[in-house]
There are 2 protein chains.
Amino acid sequence: MVRRSATGRIGIADVAVKAGVSHATVSRVMNGNFTVDPDIAARVRAAAVELKYQPNPVGRSLALGKTDTIGIVVPDLANPTFQAILRGLSRAAAQDGYRVLIADSFEVSSEETILAGEARRRCDGLVLCAPRMTDAELEEIAPSLRPLVLINRTTAAADIPSLVVDYGQGVQDLAEHLVELGHTRLAFLAGPPRSASNGMRLKGLEAFKAAHPQVDVRMLEGGSDFDTGHEAVDAVLQSGATGILAFNDLVAMGLMSGLHERGLDVPGDISVTGFDDIPFAKYTTPALTTAAVPITELGEQAWHQLRALIRKEDNDAPGSRYQPRLQVRASSGPAKAARSTVHG
Amino acid sequence: MVRRSATGRIGIADVAVKAGVSHATVSRVMNGNFTVDPDIAARVRAAAVELKYQPNPVGRSLALGKTDTIGIVVPDLANPTFQAILRGLSRAAAQDGYRVLIADSFEVSSEETILAGEARRRCDGLVLCAPRMTDAELEEIAPSLRPLVLINRTTAAADIPSLVVDYGQGVQDLAEHLVELGHTRLAFLAGPPRSASNGMRLKGLEAFKAAHPQVDVRMLEGGSDFDTGHEAVDAVLQSGATGILAFNDLVAMGLMSGLHERGLDVPGDISVTGFDDIPFAKYTTPALTTAAVPITELGEQAWHQLRALIRKEDNDAPGSRYQPRLQVRASSGPAKAARSTVHG
DNA sequence: AAAACGTTAGAAATCGCTTTCCCGTTGCGT
DNA sequence: ACGCAACGGGAAAGCGATTTCTAACGTTTT
């Protein structure tokens, strides 16, 4: 008959009794400590198997001061970008025996701060994707969250690697691409106003405008999802632009869908570009021209940086910058105006 | 100057010293126990704030015997279906103050068993999506995982709710829809061979075939992702079918993309249907006819069922069955053969 | 005024495990 | 045969919280 400890689950004490040894010895055996007599070790192992004993991770965590768990805070689990980061992170961490605790802040910046703190306390480290948090807030809480890895944000605090995608460069590459196709009137369908990565794109566009004074670049208000793009059709048409830089692939897809409903041809009438190169981008019709971000790899890298911090290894490359790669597909083509110029 | 406990973090002891009271009193105050003198309580709170004290969740979990965390095991985080379940679950659980620990089994059935056990021990309950596990394995481990909620699987063990989508009915509805459009040669582009939900679809198709002996239904090998659909073009064309039931939306999208590359028109030449109604389904070109599964809601329901179990409430509705809703869009149309029949 | 009672806060046990400390054994060398 | 080192394993002290038990205090009742 199986004894039961107070909580009703089988604990180290049950195994100790069954094997006729002390708790300490059971612990040693379970942790592969070779200072235990092989015969006793075997007896303990047999008892453990028979009782189906598995050490309680909570007790273990308390004693060891580590949880073998890392946390990740994301602003929106519905966003493919964060899903990909999560996937890469989870996969990489799992290979080292770590689990991932997720916290979805639902785009609420005040939640980001609280969730980050809570998640961190339960874990050995944290990956923070907090695009809405102000720089001041970030600067304030970041040190207390260490070991910490930031995604698309930077901080002055030491020992906090940042993995940032160069959205500014990416959007410049896309704009450049459209200009080469003959577009002279571009529009940027912006992301959420307070988004950090949106800010990076805007800066990139400023640089672009400075380098191409002859190109007209309009700024349109937007968001980060399908519906934003779909609803932006009117504003886009009204802008008179022939090349549209959407905040991301989702917005671009929504926009293309809306344009299609109006009977407009992409890229015949209007060229559309996205950003991120989510898996669906190459399956849209027309396939989406976008800037590819190795986002799953970024999640994986986040783990490697975090692991180095947890293990207190020297981190030779604290953080890194990812260059998006221009991915030209069918949604971008020669400008209509350019054509008529040729013919006229 | 801030005192530090052995681990370097601020603990209950530091607050106790600073406030000049015992650990016990600090604990009482932090937990809103009103048997503490208001003056002392205020002093403790002040000390806690000044030291930025936050209770260590691990110690708390050990004492309380609960972690306020639930686990979810998914076969593939890259699959939009599981992403949606995770999202619904996470969102619902968060509202009740619970966090979610994820475990990705990478479609490896042996991992499913191990991960489920590990995840469960760290959590107060588990949501299990384990389509590859055999019935025998499931039956064996399920009881030890309680509180447990199953997705798309059932077990004979008591107190284990199952949330299952009626894939059988859904696929019948889709087939029915194609037949009404005049299709007489259908093909089912199957999912992973050992997938539980694939099995349910096959059963549904058997029922369909029995009810429609005049309709030719071919079975084609497949998988569950884009590439599967894309690579299946040859097999699909060879089958001579004019109506294709893809395993899910991903496969359908891959297939449509492949057909498009061959210069075939959907639905002009071939009708294609998906399954799940993932967010992208209505943005494909043509928009995808599919069977809509309220999948995020399913994740939410999973939490409600699990919560009831954790709280040991009477669960009046142990598990439930979700009926997919036929979502007719542009990817399905009149059969070519039917047209020629009309004209001939 | 003494006894009985309720309230408040501290001491100590508890949760399940790891690990240090220490003592009893054994094996070896002299 | 004796002493010392090495070794194995048990007792106990944490880890950081909660919670029961208990002692002290102030108040009310007889």
Side-chain angles (χ1 to χ4, degrees), chain A residues 3-45 47-48 51-69 118 120-124, chain B residues 3-45 47-48 51-69 118 120-124:
Chain A
R3 274 200 53 221
R4 279 161 166 258
S5 70
T7 51
R9 287 194 85 82
I10 290 170
I12 200 172
D14 303 291
V15 180
V17 169
K18 179 147 198 120
V21 297
S22 70
H23 318 290
T25 300
V26 176
S27 173
R28 282 189 266 257
V29 172
M30 297 305 290
N31 292 293
N33 186 325
F34 291 112
T35 69
V36 178
D37 183 289
D39 288 351
I40 295 184
R43 214 164 71 221
V44 170
R45 256 187 286 275
L51 294 175
K52 290 194 171 69
Y53 167 70
Q54 300 283 130
N56 177 327
V58 179
R60 214 154 179 278
S61 291
L62 187 60
L64 293 173
K66 62 180 197 138
T67 60
D68 291 345
T69 300
E118 282 193 357
R120 175 60 186 82
R121 256 172 283 123
R122 295 177 182 275
C123 300
D124 299 344
Chain B
R3 273 202 50 221
R4 278 160 167 260
S5 70
T7 52
R9 287 194 86 82
I10 290 168
I12 200 172
D14 302 291
V15 180
V17 169
K18 178 149 199 120
V21 298
S22 70
H23 318 288
T25 301
V26 175
S27 174
R28 281 190 268 259
V29 172
M30 297 304 292
N31 291 293
N33 186 325
F34 291 112
T35 68
V36 178
D37 182 288
D39 289 350
I40 295 183
R43 215 165 70 223
V44 169
R45 254 186 288 274
L51 294 175
K52 291 196 170 68
Y53 168 69
Q54 299 284 131
N56 177 327
V58 179
R60 217 157 176 272
S61 290
L62 186 60
L64 294 173
K66 63 181 194 137
T67 60
D68 291 344
T69 301
E118 282 193 358
R120 174 61 187 83
R121 256 172 282 126
R122 294 178 183 274
C123 300
D124 300 343

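Everything numeric here is computed off the predicted structure, so don't read it as measured data. Every heavy atom of this structure was used, including side-chain atoms; hydrogens, water molecules and symmetry mates were not. To find a chain, count down the sequence lines: A is the first, B the second, and so on, and within it residues start at 1.
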Legend entry - Whichever of A:Arg60 and B:His23 has its nearest DNA chain C nucleotide further upstream toward 5': B:His23

Can you check the [X] [atom1] to [N] [atom2] distance for me, whole Å?
| X | N | atom1 | atom2 | value |
| --- | --- | --- | --- | --- |
| A:Asn56 | C:dG16 | CG | C1' | 6 Å |
| B:Leu64 | D:dT20 | CG | P | 11 Å |
| B:Lys66 | D:dT18 | NZ | P | 11 Å |
| A:Asp39 | C:dT25 | CG | C1' | 16 Å |
| B:Asn33 | D:dT20 | CG | P | 11 Å |
| A:Leu62 | C:dT14 | CG | C1' | 12 Å |
| B:Gln54 | D:dG16 | CD | P | 15 Å |

Inset, instruction - Indicate yes or no for a side-chain donor-acceptor contact from A:Arg122 to the backbone of A:Thr69 under 3.5 Å, with no hydrogens or angles considered. - result: no

Inset, instruction - Keeping the roles fixed (side chain from B:Arg28, backbone from B:Asn31), state whether a donor-acceptor pair exists under 3.5 Å. - result: no

Inset, instruction - Establish, with yes or no, whether the OP1 or OP2 oxygen of D:dG16 is under 4.0 angstrom from a side-chain nitrogen or oxygen of B:Tyr53. - result: no

Inset, instruction - Take the C1' atoms of the five end pairs on each side of the helix from C:dA1-D:dT30 to C:dT30-D:dA1, derive the two axes, and give their angle rounded to 10 degrees. - result: 60°

Legend entry - B:Ala24 or A:Ala24, whichever maps to the more 5' nucleotide of DNA chain D: A:Ala24

With the criterion being N/O to N/O and under 3.5 Å, what pairs connect the protein with nucleotides 5-9 of chain C, and how long is each?
{"residue": "C:dA9", "atom": "OP2", "partner": "B:Thr35", "partner atom": "O", "Å": "3.4"}
{"residue": "C:dA9", "atom": "OP2", "partner": "B:Asp37", "partner atom": "N", "Å": "2.8"}

Inset, instruction - Answer yes or no: is there a side-chain heavy-atom contact under 4.5 Å between B:Asn56 and B:Arg9? - result: no

Using nucleotides 23-28 of chain D, report all nitrogen or oxygen pairs with the protein that are shorter than 3.5 Å.
none

